[in-house]
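Right, one structure below, let's go through it.
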Amino acid sequence: MSQKVRVRFAPSPTGPLHIGGLRTALFNYLFAKKNGGDFVLRIEDTDQNRFVEGAEEYIIEALNWCGIPFDEGPGKDGDYGPYRQSERKQLYKSYALKLVEKGMAYYAFDTPETLDQHRKDHEAKGKTFIYNWHNRLKLTNSLSLSNEEVKDKIAAGADYVIRFKSPENKELKLNDIIRGEIKIDTNILDDKVLFKSDGMPTYHLANIVDDHLMQITHVIRGEEWLPSLALHTLLYDAFGWDAPEFAHLPLIMKPVGKGKLSKRDGEKGGFPVFPLTWNQSEGYREAGFFPEAVVNFLALLGWNPGTEQEIFSLEELVNTFTLDRVNKSGARFDPEKNNWYNQQWLQIKSDDELSEMFTVELDKKGISAEPAYIKYVVSSIKERAAFVKDFWELSDYFFQAPTSYNEKAVKKQWKEGTPEIMQELATLLESVPDFKSSIIEEKVKAWIAEKELSFGKVMPPLRLVIVGDMKGPHLFDIMGLIGKQESIARIKTAIAQL
Ligand code: GLU
């Protein structure tokens, strides 16, 4: 009987969730749901210096907005809480000490100043200082000092850290679901600090202890953690625990392709890199993206379904997602394509839902109209919109007379004789009893034929006076919607103004 799948998203609350972090959360969610498992949120807040107020709330709100809520986490207790590492801190030291007892970790008393000096000395020689097998006996720790000296130092209250004793001369075979086997020579590893002098565990220790205690079966995280895989694998071995399986997701690359996507790329390119607005940085939500579109484009950053399909609902993603279709190489972030996803999702949304959203925008402008009218407008323009915020520009003439006329169009369409034609047309429209698109069309066409006018002399200037521009859907539809009085009024205003 195989174990129940349990995955975790383990952000540090050091600021807003970056779009890459949200992708990590999404892949965890998809994997959990696909396999009938649990999706846990664990807040890794052991580094008090980097703690940012409001970051945890932000993370939770972002997950909820995307529709990928966690099953267990802060405020949603399962059997493995608490879910904030700061609330578990009394737990970690005993694990560090266990490794000391087993001879797999040691106390180190080197002061930050001496270590800094070593670093500088090495740098001056163009080298990097690594604390490990090759020099640990020359440094100040429980491997180089006698038991007595160590006891005395601790009794005297000397500051110490606990370091992992990385093995010497071993070839490690690491396993990653996405990358396959990775071989590492342990001689290149440093003796990482597991427990700090401030009484807090480091990320490495707390992360492994918690993944073990929370019975995490799969660790799915960003590629930037791949260098930690050797240490983590060694730690599981040292404790005698079964390690979870690991999957390191490819980096998200800049739109230009090279280099990791950063906040600055967003600022330069004018696109969000955060799901929700944070301080001055606009989020995807506030930029008008639908959560469905964000989930959709994130899913395809590094994963592919193996088919041509591009539009996926969350449910479809859950059904289709597998880790073996996640790529090794970086995934290019494409803001243009993201807009396209939103446009596609906008077409999928019902006219009712879009109308509700548009009504909110109209309210802000102090414009009110019948719900059925708004819905009709939405259905006639949505094809050309990528965002609800585009609606107004595409449809303002449905709600108000033009406040100006496109100059180029005026030059081209408003000629000698046009005012007279428009005046006659206004009189004709006056006589149309049932002011419906098809009837107006019929009458106007008959009149054009009877007068032996051309379409080009009538229709373009008519569009100009009704819309203020040459844009918009079928002109008679617009006129039918705005009504007889408004259509005639617009013609008269234009004759007076142009
Ligand atoms: N706290 C780490 C982070 O901020 C978690 C890394 C992991 O998933 O192991 O991303």
Side-chain angles (χ1 to χ4, degrees), residues 16 19 54 57-58 60-62 64-67 266-267 269-297 335-336 338-406 463-473 475 477-483 485-487 489-490 493 497:
I19 201 77
E57 292 75 4
Y58 179 100
I60 294 175
E61 200 181 332
N64 289 337
W65 178 68
C66 285
E267 285 159 5
F271 59 85
V273 293
F274 298 129
L276 319 175
T277 290
W278 177 267
N279 297 334
Q280 303 311 320
S281 302
E282 187 182 54
Y284 275 90
R285 179 178 65 184
E286 290 74 13
F289 276 78
F290 299 117
E292 293 91 337
V294 173
V295 163
N296 198 155
F297 78 64
E336 297 284 325
N338 298 346
N339 292 347
W340 177 83
Y341 278 108
N342 209 65
Q343 191 229 334
Q344 297 296 307
W345 273 98
L346 192 144
Q347 310 313 316
I348 296 169
K349 297 248 163 199
S350 73
D351 290 348
D352 280 319
E353 192 180 345
L354 293 172
S355 300
E356 264 173 48
M357 295 180 197
F358 190 32
T359 304
V360 175
E361 300 294 309
L362 291 173
D363 281 348
K364 285 188 208 151
K365 296 184 188 295
I367 289 171
S368 61
E370 289 294 318
Y373 186 83
I374 296 176
K375 190 170 157 185
Y376 191 86
V377 170
V378 164
S379 75
S380 65
I381 52 129
K382 72 170 188 185
E383 220 179 287
R384 268 162 289 138
F387 296 91
V388 170
K389 66 176 184 219
D390 299 339
F391 283 4
W392 175 249
E393 220 191 293
L394 291 167
S395 71
D396 53 351
Y397 52 85
F398 279 107
F399 301 96
Q400 62 183 24
T403 47
S404 65
Y405 301 92
N406 180 319
R463 180 175 290 277
L464 182 64
V465 306
I466 298 289
V467 175
D469 207 335
M470 301 315 290
K471 66 184 181 183
L475 186 58
D477 285 352
I478 302 175
M479 291 168 70
L481 264 178
I482 63 175
Q485 292 324 316
E486 181 65 19
S487 299
R490 289 190 190 182
T493 310
Q497 282 188 12

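- Atom CD1 of residue Ile478 and atom CG of residue Leu481 lie 8.5 Å apart, to the nearest 0.5 angstrom.
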Derivation of the side chain to side chain contact (heavy atoms under 4.5 Å, CB included) call for Tyr405 and Gln497: CA-CA 10 Å; Tyr405 301 92; Gln497 282 188 12; 3.5 Å; yes
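- A distance-only check finds no donor-acceptor pair linking the side chain of Lys389 to the backbone of Glu361 [under 3.5 Å].
- Atom CD1 of residue Ile482 and atom CG of residue Asp477 lie 11.5 Å apart, to the nearest 0.5 angstrom.
- Interatomic distance, Asp390 CG to Asn339 CG, rounded to the nearest 0.5 Å: 9.0 Å.
- The minimum heavy-atom distance linking Trp65 with Pro275 is given by the pair CZ3-O, 4.2 Å.
- Between atom CH2 of residue Trp345 and atom CG of residue Asn296 there is a gap of 6.5 Å, rounded to the nearest 0.5 Å.
- At least one side-chain heavy atom of Ile466 sits under 4.5 Å from a side-chain heavy atom of Ser487.
- Residues Asn342 and Ala293 come closest through the heavy atom pair OD1-CB, 3.3 Å.
- Salt-bridge annotation for Arg490 and Glu486: present, with a side-chain N of the basic residue lying under 4.0 Å from a carboxylate O of the acidic one.
- Checked against Phe387 for a ring-ring contact (aromatic ring centres under 6.0 Å, His included), the options Tyr341, Phe289, Phe290 give a single hit: Phe289.
- Within 6.0 Å of the CD atom in Glu356, the count of heavy atoms belonging to other residues, nucleotides or ligands does not exceed 12.
- By the 4.5 Å heavy-atom criterion applied to side chains, Val360 and Val388 are not counted as neighbours.
- Taken to the nearest 0.5 Å, the CD atom of Glu383 stands 9.0 Å off from the CD atom of Gln343.
- When all heavy atoms of Ser395 and Ile381 are compared, the pair lying nearest together is CB-CD1, 4.1 Å.
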List the atom pairs, with distances to 0.1 Å, where a side-chain N or O of residues 366-380 and a protein N or O form a donor-acceptor pair under 3.5 Å, not counting sequence neighbours.
from, atom 1, to, atom 2, distance (Å)
Tyr373, OH, Phe398, O, 2.5
Lys375, NZ, Asp352, OD1, 3.3
Ser379, OG, Tyr376, O, 2.9
Ser380, OG, Tyr376, O, 3.4
Ser380, OG, Val377, O, 3.0

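- Remark: side-chain polar atoms of Tyr397 are not paired, donor with acceptor, to backbone N or O of Pro402 under 3.5 angstrom.
- At least one donor-acceptor pair under 3.5 Å links the side chain of Arg463 to the backbone N or O of Lys471.
- The side-chain hydrogen bond (donor to acceptor under 3.5 Å, both in side chains) test applied to Gln347 returns no partner, not counting sequence neighbours.
- Between Lys365 and Gln400, the closest side-chain pair of non-hydrogen atoms is not below 4.5 Å.
- Between Phe391 and Leu346 the shortest side-chain heavy-atom distance falls below 4.5 Å.
- Applying the side-chain hydrogen bond (donor to acceptor under 3.5 Å, both in side chains) criterion to Thr277, with sequence neighbours excluded, gives Glu286.
- Annotation for Leu276 and Tyr58: closest pair O-OH, 2.6 Å, computed over non-hydrogen atoms.
- Taking NZ of Lys382 as the start and NZ of Lys349 as the end, the distance is 11.0 Å to the nearest 0.5 Å.
- Contact check for Asn406 versus Met470: no side-chain heavy atoms found under the 4.5 Å cut-off.
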